[in-house]
Participant: 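Just passing along the structure, written as structure tokens.
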Amino acid sequence: MRLTVLGCGDAFGAGGRLHTCFHIASNSGLFLIDCGATALIGLRKAGLDPNAVGTIFITHLHGDHFGGLAWFLIDACHVSKRTAPITIAGPQGIEARYLAATEALFPKATEVPRNFDMRFVEYREGERMNVNGFAVTAHEVRHFSGAPPYALRIEADGKAIAFTGDTEWVESIVPAARDADLFIAECYQYDIRLKFHLDYETIAANFDRIGAKRVLLTHMSEAMLARRGDVNTDLCLCAEDGMTLEI
């Protein structure tokens, strides 16, 4: 599998970074993990075809993680002329929130006829689900967004990718990420504990329990970006927009 970081910024564009979006190319197909408001920009910058993406996994319903669905799907209708089906997996209420957000941004856009099938799938907490040939397990975390937020474990090609989404430390992160080939961890601060967000010191203190082969830190604030030099690079990498990793 090959991962391309289309966006690894926080909600406020710290460091000039785009919103959260990871593109993964696997033998089973192409998928996105999260689709922040700038996802389409990230795809264009990376030279990646949005029509080739068949599945989008959403961790939680904040605009910097799911807001790009509006632009992605309007582009599919009017610019990219998509014909291939697409599946969007997310928390309970994902379809209603997509419709509300898209209508707020582009009135009547959801009424435009489509030349492709679009379906929404809701996670079932703790259950390993098959979504378009990918095995996904959603573990509830703690980050208020008006719907259950999840850390995701996605398996394809005999590999496992885990992503915390946005959350403070909760024990459900451990089974989500245990022994993953790549563990993507939100890392908003270096040593400051905040409600609903993770920090580097807390993540590092749990590396051994998780046992992931590689750790990628993302969603860093300006304060965390200023402390990148203090990160133990033997344990983890700091994400950059445009970065690619072979998994």
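Computed over heavy atoms, backbone and side chain alike; hydrogens, waters and symmetry mates excluded.
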Participant: Testing the basics here: between F116 and A84, what is the closest heavy-atom pair and its distance to 0.1 Å?
Facilitator: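 What the structure gives for the nearest pair is CB-O, 3.2 Å.
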Participant: Measure across E186 and T167 and return the closest heavy-atom pair with its distance rounded to 0.1 Å.
Facilitator: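 Reported closest heavy-atom pair: OE1-O, 3.2 Å.
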Participant: Out of L32, I94, I33, L152, which residue meets the side-chain contact (heavy atoms from CB on, under 4.5 Å) rule with I58?
Facilitator: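 By the side-chain contact (heavy atoms from CB on, under 4.5 Å) criterion, I58 pairs with just one of L32, I94, I33, L152: I94.
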Participant: Yes or no on side-chain contact (heavy atoms from CB on, under 4.5 Å) for F207 and V215, after CA distance, side-chain angles and deciding distance?
Facilitator: CA-CA 9 Å; F207 278 164; V215 179; 3.8 Å; yes
Participant: Roughly how far, to the nearest 0.5 Å, is the CG atom of L18 from the SG atom of C8?
Facilitator: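 The SG atom of C8 sits 8.5 Å away from the CG atom of L18.
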Participant: Compare every heavy atom of A160 with every heavy atom of R153, then report the nearest pair and how far apart it is.
Facilitator: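 Scanning both residues, the minimum pair turns out to be NH2-CB, 3.7 Å.
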Participant: For A89, is there any backbone N or O sitting under 3.5 Å from a side-chain donor or acceptor partner on E122?
Facilitator: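 Not confirmed, E122 side chain does not pair with A89 backbone.
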Participant: Do Y123 and V141 land in one hydrophobic cluster if side-chain heavy atoms of ILVMFWY residues count as linked below 4.5 Å?
Facilitator: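 In one cluster: no.
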Participant: Would you call K213 and D181 a salt bridge, using N to O less than 4.0 angstrom?
Facilitator: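 A salt bridge links K213 with D181.
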Participant: Rounded at 0.5 Å granularity, tell me how far SG in C236 sits from CD1 in I203.
Facilitator: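 It comes to 8.0 Å.
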Participant: Charged N to carboxylate O under 4.0 angstrom, E155 versus R128?
Facilitator: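 Answer for the salt bridge query: yes.
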Participant: Would you find more than 12 non-hydrogen atoms of other residues, nucleotides or ligands less than 6.0 Å from R142 atom CZ?
Facilitator: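 Atom CZ in R142 is not packed in, count stays at 12 or less.
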Participant: Applying side-chain contact (heavy atoms from CB on, under 4.5 Å) to L182 and L3, what does each step give before you reach the verdict?
Facilitator: CA-CA 10 Å; L182 180 66; L3 177 142; 3.9 Å; yes
Participant: So how far is it from I173 CD1 to R178 CZ, rounded to the nearest 0.5 Å?
Facilitator: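 Nearest 0.5 Å value for the CD1-CZ distance: 12.5 Å.
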Participant: CG/L48 to CG/L43 distance, rounded to the nearest 0.5 angstrom?
Facilitator: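 Nearest 0.5 Å value for the CG-CG distance: 6.0 Å.
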Participant: Quick one: do I86 and L69 end up in the same hydrophobic cluster if we chain Ile, Leu, Val, Met, Phe, Trp and Tyr together by side-chain heavy atoms under 4.5 Å apart?
Facilitator: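 Yes, it is one cluster - the side chains of I86 and L69 are joined through contacts under 4.5 Å.
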Participant: Using a 6.0 Å cut-off, check whether atom CZ of F12 has over 12 heavy atoms from anything other than its own residue.
Facilitator: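 No - once you tally the heavy atoms of other residues, nucleotides and ligands closer than 6.0 Å, there are 12 at most.
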Participant: Determine whether the side chains of T83 and N115 contain a donor N or O and an acceptor N or O closer than 3.5 Å.
Facilitator: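 No.
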Participant: Of all the heavy-atom pairs spanning V53 and F31, show the shortest one and how long it is.
Facilitator: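 Answer, listing the atom of V53 first, then F31: CG1-CA, 4.2 Å.
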Participant: Is there a chain of hydrophobic side chains (I, L, V, M, F, W, Y, each step under 4.5 Å between heavy atoms) that links M129 to I154?
Facilitator: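 M129 clusters together with I154.
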Participant: Any chance you could measure H139, atom NE2, to E171, atom CD, to the nearest 0.5 Å?
Facilitator: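 Output value for this atom pair is 13.0 Å.
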Participant: Passes side-chain contact (heavy atoms from CB on, under 4.5 Å), L217 versus V231? Steps please.
Facilitator: CA-CA 10 Å; L217 305 180; V231 169; 4.1 Å; yes
Participant: With a 6.0 Å cut-off (strictly less than), is the heavy-atom count around CG of N130, excluding the residue itself, greater than 12?
Facilitator: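 Atom CG in N130 is crowded, with more than 12 foreign heavy atoms closer than 6.0 Å.
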Participant: Hey, are D49 and R44 close enough for a salt bridge, meaning a charged N less than 4.0 Å from a carboxylate O?
Facilitator: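 No, no charged N to carboxylate O under 4.0 Å.
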Participant: Does one side chain, of H197 or D166, offer a donor that lies under 3.5 Å from an acceptor on the other?
Facilitator: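 H197 vs D166: no donor-acceptor pair found between side chains.
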Participant: Got a salt bridge between E201 and R193, using NZ or NE/NH1/NH2 to carboxylate O under 4.0 Å?
Facilitator: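 Yes, this pair counts.
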Participant: Compare every heavy atom of F183 with every heavy atom of A177, then report the nearest pair and how far apart it is.
Facilitator: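 Taking every non-hydrogen atom into account, CB-CD1, 3.4 Å.
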Participant: To the closest 0.5 Å, what do you measure between CD (E111) and CG (L99)?
Facilitator: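 Atom-to-atom, E111:CD and L99:CG are 10.5 Å apart.
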Participant: With a 4.0 Å cut-off on N to O distance, would you call R17 and E240 a salt bridge?
Facilitator: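 Looking at R17 and E240, the cut-off is met.
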Participant: According to a hydrophobic-cluster definition based on side-chain heavy atoms being under 4.5 Å apart (Ile, Leu, Val, Met, Phe, Trp, Tyr only), do Y190 and Y188 belong together?
Facilitator: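 No, Y190 and Y188 fall in different hydrophobic clusters.
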Participant: Mind checking whether H65 and F163 have parallel, tilted or perpendicular rings, split at 30° and 60°?
Facilitator: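 Parallel.
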Participant: Are T87 and V131 close enough that some pair of their side-chain heavy atoms sits under 4.5 Å apart?
Facilitator: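 Answer yes - side chains close enough.
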Participant: Would one find more than 12 heavy atoms of other residues, nucleotides or ligands at under 6.0 Å from atom CG of D117?
Facilitator: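 Counting neighbours around CG of D117, 12 or fewer heavy atoms of other residues, nucleotides or ligands fall under 6.0 Å, so no.
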Participant: Should R227 and E222 count as an ion pair when the cut-off is N to O under 4.0 Å?
Facilitator: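 No, no charged N to carboxylate O under 4.0 Å.
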Participant: Is the number of heavy atoms from other residues, nucleotides or ligands under 6.0 Å of F106 CZ greater than 12?
Facilitator: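 Yes, the 6.0 Å shell around CZ holds more than 12 heavy atoms from other groups.
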Participant: Do the ring planes of F196 and H143 sit parallel (below 30°), tilted (30 to 60°) or perpendicular (above 60°)?
Facilitator: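 Aromatic pair F196/H143 classed perpendicular.
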Participant: Flag the pair L245 / R2 as yes when at least one side-chain heavy-atom distance between them is below 4.5 Å, and no otherwise.
Facilitator: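 No, side chains not in contact.
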Participant: Can you name the nearest heavy-atom pair linking A39 to L6, along with the distance?
Facilitator: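 Shortest heavy-atom separation between A39 and L6 comes out as O-CD1, 4.5 Å.
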Participant: With Y98, which of W71, F120, F66 fulfils ring pair (Phe, Tyr, Trp, His ring centres under 6.0 Å)?
Facilitator: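 For Y98, the ring pair (Phe, Tyr, Trp, His ring centres under 6.0 Å) test succeeds with only one of W71, F120, F66, which is F120.
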Participant: Hey, does the side chain of Y200 reach the backbone of N232 with a donor-acceptor pair shorter than 3.5 angstrom?
Facilitator: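 Yes; judged by distance alone, with no hydrogens or angles, the pair exists.
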Participant: Start with the C-alpha gap between F22 and D34, add the side-chain angles, then the distance that decides, and say whether side-chain contact (heavy atoms from CB on, under 4.5 Å) holds.
Facilitator: CA-CA 7 Å; F22 303 101; D34 278 345; 5.6 Å; no
Participant: What's the verdict on side chain to side chain donor-acceptor pair (under 3.5 Å) for D75 and S80, showing C-alpha distance, side-chain angles and the deciding distance?
Facilitator: CA-CA 6 Å; D75 170 83; S80 297; 2.5 Å; yes
Participant: Look at the side-chain heavy atoms of Ile, Leu, Val, Met, Phe, Trp and Tyr, link any pair under 4.5 Å apart, and say whether M243 and I24 land in one connected group.
Facilitator: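 In one cluster with M243: I24, yes.
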Participant: Got I74 and V79 here, is their nearest side-chain heavy-atom distance under 4.5 Å?
Facilitator: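 The answer is no; the side chains never approach within 4.5 Å.
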